[in-house]
Amino acid sequence: MDTIEQARRTTWRVLVVNVVAMWVLIAVSVLTPLWAGRFDGWWRIGPALAAAVCFTWLCIRIMSLILDRRHYPTKQVAVAAVLAVFATGLGGADPFGWGFVALCWLGVATLEIPKRAVRLLQAGTFVLCLGLSTLPWQTGTLGVRAALTGVDVDPAGWQSLTYHVLAFGLFCLIVPPSNRIWVWIWRLAVEAHRGREAHTRLALAEERLRFARDLHDLVGHQLSAIAVKTELAVRLSDVDAGRAKDEMAEVNRLTRKALKELREAVRGYRELDLAAELNSVKGVLEAAGVRCEVRLPYRELPAGVAPVFAYAVREAVTNVLKHSTASFCDITIRFTEQEAELTVRNDGVARRQADDLGSGLTGMSERLGAVGGTVKARLVEDREFLLHAVVSLPIDG
């Protein structure tokens, strides 16, 4: 599971807490008067429970649609509002009981809408809940408080009115912002992830441009010289066959040189300069938000080792960018008289990703094998991946 999916699930679970709290309050509202022997509203509870169950299913679906940002589910929100009013009205609009169904709807309905619309829904829900609290059967559904104190409160009295105004007013002010801030944080996480991907794409694009410039600088001069000398040889072919032959021999030499340098470039960026490659991959990783540490020996590497390790570093970092959600990457190079060693360690790799790293490691094994080296790649700790390359010294040839 990647970081964004984890963030989405966390946000979804936080939003579902309101639904869980709603059912806890409903259970307390129903069971507490029952235990006290003061409950006689069973004719209302069955339909109210059915409405609450349908509301819960619809509420969870609405939250998923909003988080996935497909569209604002206006129809589902409207149906959920009807169910919430039905459940709150039948169950009894106690803020710490059935009244929380309407408040739960308010928390979901105000996600991803303008602030002005949020204020209108807050005011409307507040007025509606106060109106439902005056229904004739509300006397028996001030529930928890009446059961615990043994005193029924007249729903028309000032004490009841003050209780409902303060409780519903407080909930209507708190519930929408608490839900909206989590969705806002989720959106920020998504945008940050997209920004990281954009940085990575930009860094890779810059690397491709650098390679294109290298190819142009490497081959462009020879190709221009070949074009000029070929044209000259054509002109001289009728008047000075000897000079034309010499020019064509020079064309042949330039062509072979250009072909050789082109092969070297394609094989490894002009025999890949290790220092330049390390600077390049460090820049790419840091642009992608990956902290990169490079540890090098204080002495110059033995002949032939640097180009091979440069290629290995490039392939290893490519795998870090393609197959992991790494937060750090450590690159270490050391050598003795008998062998040179390269290790690349990074985090954020799942086991299934480690088993499917593409053809890069195969090419790296072939490249190291050509100089008598070996490469191993494996998971070493939880979500940490280690690439270990060793080349025996001295390198033949």
Side-chain angles (χ1 to χ4, degrees), residues 203-204 207 210-211 214-215 218 260-288 290-324 326-349 353-381 383-397:
L204 292 175
E207 182 66 13
R210 185 173 77 88
F211 183 51
D214 286 350
L215 284 179
L218 187 67
K260 178 182 177 182
E261 292 183 351
L262 180 60
R263 284 173 177 170
E264 290 177 351
V266 172
R267 188 182 301 117
Y269 279 29
R270 298 186 199 170
E271 279 299 308
L272 286 181
D273 180 78
L274 179 60
E277 193 64 30
L278 287 171
N279 289 333
S280 175
V281 298
K282 183 178 176 68
V284 170
L285 287 171
E286 291 180 347
V290 181
R291 177 174 55 84
C292 182
E293 296 288 340
V294 178
R295 299 176 179 85
L296 300 175
Y298 66 91
R299 295 178 295 166
E300 186 177 350
L301 285 170
V305 174
V308 177
F309 277 2
Y311 177 84
V313 166
R314 181 196 295 173
E315 290 296 331
V317 170
T318 299
N319 284 334
V320 171
L321 294 173
K322 289 174 58 179
H323 299 286
S324 78
S327 63
F328 77 87
C329 180
D330 290 340
I331 302 172
T332 302
I333 297 176
R334 60 173 65 94
F335 70 93
T336 64
E337 293 183 359
Q338 290 76 33
E339 64 181 22
E341 178 185 34
L342 164 70
T343 59
V344 180
R345 180 191 292 264
N346 68 281
D347 64 345
V349 179
Q353 293 171 323
D355 295 336
D356 183 24
L357 289 176
S359 60
L361 289 179
T362 301
M364 193 188 308
S365 299
E366 294 174 352
R367 179 65 65 90
L368 286 163
V371 293
T374 60
V375 60
K376 296 180 181 178
R378 66 185 188 279
L379 285 170
V380 291
E381 295 179 12
R383 294 177 64 82
E384 284 199 6
F385 189 74
L386 176 68
L387 183 140
H388 185 217
V390 177
V391 175
S392 298
L393 298 177
I395 295 178
D396 294 337

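Heavy-atom minimum distance, A326 versus N346: CB-ND2, 4.0 Å. Residues L368 and A389 come closest through the heavy atom pair CD1-CB, 3.7 Å. The two atoms that bring L393 and P302 nearest to each other are CD1-CG, 3.6 Å, heavy atoms only.
Counting only heavy atoms from C-beta outward, the side chains of V375 and L387 approach each other to under 4.5 Å. Using a 4.5 Å cut-off on side-chain heavy atoms (C-beta onward), E341 and F309 make no contact. Looking at heavy atoms from C-beta onward, D330 lies out of side-chain contact with V344 at the 4.5 angstrom threshold. Counting heavy atoms from C-beta on, the side chains of L278 and L296 come closer than 4.5 Å.
The CG atom of L379 sits 6.5 Å away from the CZ atom of F385 when rounded to the nearest 0.5 Å. Taking CG of L342 as the start and OH of Y311 as the end, the distance is 13.5 Å to the nearest 0.5 Å. Expressed to the nearest 0.5 Å, how far OG1 of T332 lies from NE2 of H388 amounts to 10.0 Å. To the nearest 0.5 Å, atoms CG (L301) and CD1 (I333) are separated by 6.0 Å. The distance from the CZ atom of R334 to the CZ atom of R295 is 9.0 Å, given to the nearest 0.5 Å. With rounding to the nearest 0.5 angstrom, the CD1 atom of I331 is 6.5 Å from the CG atom of L285.
Side-chain atoms of K282 do not come within 3.5 Å of backbone N or O of E293 as any donor-acceptor pair. At least one donor-acceptor pair closer than 3.5 Å links the side chain of D347 to the backbone N or O of S327.
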